[in-house]
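What follows is one structure encoded as structure tokens, with my remarks underneath.
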Amino acid sequence: MTDPNAPPPDRPEVVHHTTINNPTPSGGGGGFLGFLIGGLVVVVIIIGVVLMTRGGEIETPKATDVDINLNLPDAPKMPDLPTPPPVEPPTLPEPAPAPAPAG
């Protein structure tokens, strides 16, 4: 370790030059973007004007009164169905009693 109170060793005088280039900020795409948005706004305004003015009010059609009387033939009548024969309900066999437990 070196003595902190000792004078620094002789060093040659070296000068470092640093060049910083700051380019000027460019306009970017702001001009085209503004032109595009402005064009869209104009188109929306034109569509709005056309839809709002559309030549005045819309005329409503006049009411019509139509009375139609038709003499149609009656639909054919269904024939009466015959009475079904009497049917006995089916009978179910009685189950056999369960076998007694073994034991």
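These figures come from a predicted structure and were not determined experimentally.
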Evaluation steps, side chain to side chain contact (heavy atoms under 4.5 Å, CB included), between I47 and L51: CA-CA 6 Å; I47 290 173; L51 290 178; 3.9 Å; yes
Between L81 and V87, is there shared hydrophobic-cluster membership here, with clusters defined by ILVMFWY side-chain heavy atoms closer than 4.5 Å? no
State, with a plain yes or no, whether a side-chain heavy atom of I46 is found less than 4.5 Å away from one of V42. yes
